[in-house]
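Written below as structure tokens is the structure these notes are about.
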Amino acid sequence: MDQKANHTNGQPTRRAFLKTTGAAAAGIALAGQRTASAAAEKLAKDGGPKAVTVDFGDAAKWPLYGEKEEKAIVELLRHPSYDPIKKLEDEWCAHFGMPFAKAHFNGTSALASMFFALNLPPGSEIMVPSYTFFATITPMRLFGLVPVFVDINPRTLNFDLEDAKKRITPNTKAVLPVHWIGLPADMDLICEWADEKGLIVLEDSAHAHCAKLKDKYVGTWGRMSIYSYQMSKPLPAIEGGMGMYQNKEDFERATAFGNYEMPGIPSDSPVFKYKGSGFGLKFRMHPLAAELARCQMQGLEERNAAGARQIRRLNDALTQLPGLYEQSSGRSDMQRLYYSWNMLFIDEAEAGMSRDAAVEALKAEGVNASALSYTLQHKLPLYAEDEWWHHKPVIPELPGSDQANATSIALPYFTKEVPELVDQYIKAFEKVWAHRGELA
Amino acid sequence: MKRFRGKESRSMSRRTFLRNTGAAAAGATVGGCTTLGSSASTAVLSREALAMDGGAASVTVPKETIAAATKWPRFGETEKQAVWEVLDLSASTVYRDLPVLEQEWREYHDVPYAKAHYNGTSTLTSMFFALNLPPGSEIMVPSYTFFATILPMRFFDYVPIFIDIDPRTACFDLEDAAKKLTPNTKAMVPMHSWGLPCNMDQICAFAKEHGLIVCEDAAHAHGASLQGKKMGAWGDMAIFSFQATKVLPAIEGGMGNYQTQEYYERAAAFGHYEDPPKFPENSPYRKYNGTGFGQKYRIHPIAAVLARKQLAVLDERNAAVRARVRALNGRITQLAGLSEPYCRDDMERVYYSVNMLFLDEAKAGFTREQVLKALRAEGVSASSGAYPEQHKFNIYSEEQWWHHKPDVPKSLPGCEQVNRSCIYLPLFYEDLPEVTEQYVRAFEKVWAHRKEIGKA
């Protein structure tokens, strides 16, 4: 945890100080005048002036397409071809230093192809978080694979390795962590454990294009990984997906599954004899999407970094407030990015008010805050019905996932520099927190 | 459109007449209306050296002009504008064109339900899920088709029965189907090859008699009709592909038509995890909100706007292409041994990708290879190529992929005949009357030399 200090500009130390000396005293000592003045101001919900007066405008506009994209699209409409797909794959491999990549029509089809590539016997189990999009899990059933639902750490929203350790069975063959909204899962620890247990490591990097752990891109830790290029994603192509593969065999099977023409597959490959038919699905990416993805790759890491910097400024201030936390694993060896939301968590006891009260007050101040509850896959009917599965998945209790949903406060991810808005958000939070006694 | 049918039927009866009276005599008696028919011009042409023997090529219109006129797909300012607008949309508005496309599609086909999917294959996969048949159910399909008409079945433990095509039409051979019916047969999926409608009236009557569900693979036949009813409106379900080469191109895209709410809901729920809450309260599929059934088949919004724009000009384009094909085929199919797929008077066909002709080598007196060589030398973009016969692919012969191993026929003579005899000409999307004349001349010239070519 000491590494966190580097990453968050000394915040944990201050935080530790707050915790040891008592929140009230520290609040006065550190925030001093500001808290006092914030407390004096009437809450907007009680008729006081709003803290946020700047127009939100296109602060969270996404995706950001410009002339580059328009030009590329027009050119392709003029001369339609599938060439951009291969170009994107080559550029993707080069960027990540990976031997194999295959574009698919979306993240779900990339996942389905990955499950086919696994070539595991029916009944094999794969560990996945329940706190994820259905596509991380549901395509398994087409291949007789069965999910083992694993909890998340409620403060990282990522795969909880300790929970996974409790749920392993003799049938467990693979683990599939997700890097939730751009925060890398603990791939080093997960890989180490998987190695020990003989499990295959897969990655769902749908939210984490170019995030890093120990200077190594997520998506390059596992044997296979997938990306989504859906329009809300860090690399948006409106619809699109990519798979990355360490092994030739995986690449060939994943490609063959949805590409009957067997592009890039040599004639001595065991799947080559299925050329012309493939295995029943067609997952070719829309070439216009490939062109958009190629354009968006340019400047991706700079965009990610700028977005993260702005969030640091905001969150460094907000997480000073008692009972308010951000989604973080506290590791300084991670280079995360943000996608869609800036996720905070409230500890109601520590904050001295309920999440609902805080969110309501924040909204009144003009903050786009919401009490977000993400769909937990294990609670959906499809997983509880025998007929869809080789054997019925175990539907567990997942307290970490429940806690995340009970405590999260989602703020928008600002996709452009909005310093004034950031200041006013900080002010709004401080004001609400200054009144938390009465909000209780 | 009656005009084209009229012409076609005239040409058919002329053809019948030709056959009855013998080609040579007919050339003299009936050929008056066309230059090719006259024995005088045949005599003249036979004295002209073939281009492959050093004579002048018949087609002199520059290659670039022909390339421009045969280019497909064709996107213009309208499409560019529409795509730019999509690029400016946000997450909450970007999918706005999808339901609009579906509505326009329903209205165009006069069907109660339609759902856009990512491509034709995903539309077929969703359709097979919608069928909801017990494992081991058999479905009749032509072998002469793209893999997607058949192979997604295996995800639902269905088994294909390979049906031959009628060599005169390259479409589903109902007589062959009648022979192959088993107690496990539950459905059939005829495919309208190259835009020519299958005999849906007869197929539907047969299906009704035997309690079979009818699905249509209309991937090639956007806007074609039989007895005034569109392809895709005959079956209980139907699919379309919007792939780049198709009659309605969106580069990648697909659409399903559904006659019942049950089919629609299952097909939509399969690959659209957000659709179930839109279903009525009593729908058994509402509860699968958030998962669907494991796939995500949303059409690319750019593809959806391309499809909308292309739908707006579909009929006009189909009619123009048809007129050009008629102008050419009406004349060259007078030649001995050269014919085109038979199109009923009550059908309005469309053309997908190629103008397919059939060569009867015995009647023509030379081989397909010989004629293609001579035609190409004359400057005609003539080609041949075997369309896949699915039953010959390995995956259908391997038990591991199927509920039970499909019966792989030793041969399907109709498929073989079509693949042995077909000649493809390009479709023209611009008016180039001089090319038509020159193509006709090239064919006539080659045919005038057919004895010597046949001897070579």
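Lettering follows sequence order; numbering is per chain, from 1.
We find the OG-CZ distance between S122(B) and F283(A) to be 8.5 Å, quoted to the nearest 0.5 Å. Taking CG of L77(A) as the reference point, atom CH2 of W84(B) lies at 10.0 Å (rounded to 0.5 Å). Distance check: E67(A) CD to L87(B) CG gives 12.0 Å after rounding to the nearest 0.5 Å.
Both the backbone and the side chain of Q295(B) come within contact range of chain A, with heavy atoms under 4.5 Å apart. At a 4.5 Å heavy-atom cutoff, the contact between L306(B) and chain A is made by side-chain atoms alone. Both the backbone and the side chain of L382(A) come within contact range of chain B, each with at least one heavy atom under 4.5 Å from a heavy atom of that chain. Proximity to chain A involves both the backbone and the side chain of P152(B), based on heavy atoms less than 4.5 angstrom apart. Interface remark: P80(A) contributes side-chain atoms only to the contact with chain B (heavy atom separation under 4.5 Å). The contact between K61(A) and chain B is made entirely by side chain atoms (from C-beta outward), counting heavy-atom distances below 4.5 Å. Only the side chain of I302(B) has a heavy atom closer than 4.5 Å to any heavy atom of chain A. Heavy atoms of L281(A) lying under 4.5 Å from chain B belong to its backbone as well as its side chain. Using a 4.5 Å cut-off between heavy atoms, L292(A) touches chain B through its side chain atoms alone. For W401(B), the part lying near chain A is the side chain, with the backbone staying farther off; criterion is any non-hydrogen pair under 4.5 Å. Heavy atoms of T125(B) lying under 4.5 Å from chain A belong exclusively to its side chain. Looking at A244(B), both its backbone and its side chain come within 4.5 Å of chain A, counting heavy atoms on both sides. Using a 4.5 Å cut-off between heavy atoms, I238(A) touches chain B through backbone and side chain atoms alike.
The existence of a salt bridge linking E75(A) and K80(B) is excluded, since no basic side-chain nitrogen approaches an acidic carboxylate oxygen closer than 4.0 Å. Contact check on R78(A) versus E79(B) returns no salt bridge, with no Lys/Arg side-chain nitrogen under 4.0 Å from an Asp/Glu carboxylate oxygen.
When each of M231(A), E69(A), M285(A) is checked for heavy-atom pairs under 4.5 Å with chain B, M231(A) comes out on top. The greatest number of non-hydrogen atom pairs below 4.5 Å with chain A, out of F156(B), F293(B), F75(B), is found for F293(B). When the candidates F393(B), W72(B), Y118(B), Y95(B) are compared by the number of heavy-atom contacts under 4.5 Å with chain A, Y118(B) comes out ahead.
Taking every heavy atom of both residues into account, Y82(A) and Q243(B) meet most closely at OH-NE2, 2.8 Å. Minimum interatomic distance between S277(A) and I395(B) (heavy atoms only, all atoms of both residues): OG-CG2, 3.4 Å. Minimum heavy-atom separation, A289(A) to H300(B): CB-NE2, 3.5 Å. Across every non-hydrogen atom of E252(B) and P287(A), the tightest pair is CG-CD, 4.2 Å.
In this structure, K71(A) places its NZ atom where only 12 or fewer heavy-atom neighbours from other residues, nucleotides or ligands lie under 6.0 Å away. Heavy-atom contacts from other residues, nucleotides or ligands closer than 6.0 Å to NZ of K86(A) number 12 or fewer.
Aromatic ring orientation, F155(B) versus F257(A): perpendicular (interplanar angle above 60°, classes split at 30° and 60°).
Judged purely by atom type and a 3.5 angstrom limit, R154(B) uses its side chain to pair as donor or acceptor with the backbone of F279(A). A donor-acceptor pair under 3.5 Å is absent between the side-chain atoms of H286(A) and the main chain of P301(B), judged by distance alone. Distance alone, capped at 3.5 Å, places no donor-acceptor pair between the N394(B) side chain and the Y274(A) backbone. Panel note: side chain N106(A), backbone Y297(B); no donor-acceptor pair is recorded below 3.5 Å. In this structure a side-chain-to-backbone donor-acceptor pair under 3.5 Å is present from N119(B) to K282(A).
At least one side-chain heavy atom of W388(A) sits less than 4.5 Å from a side-chain heavy atom of Y288(B).
For F146(B) and Y260(A), the ring centers sit closer than 6.0 Å to each other.
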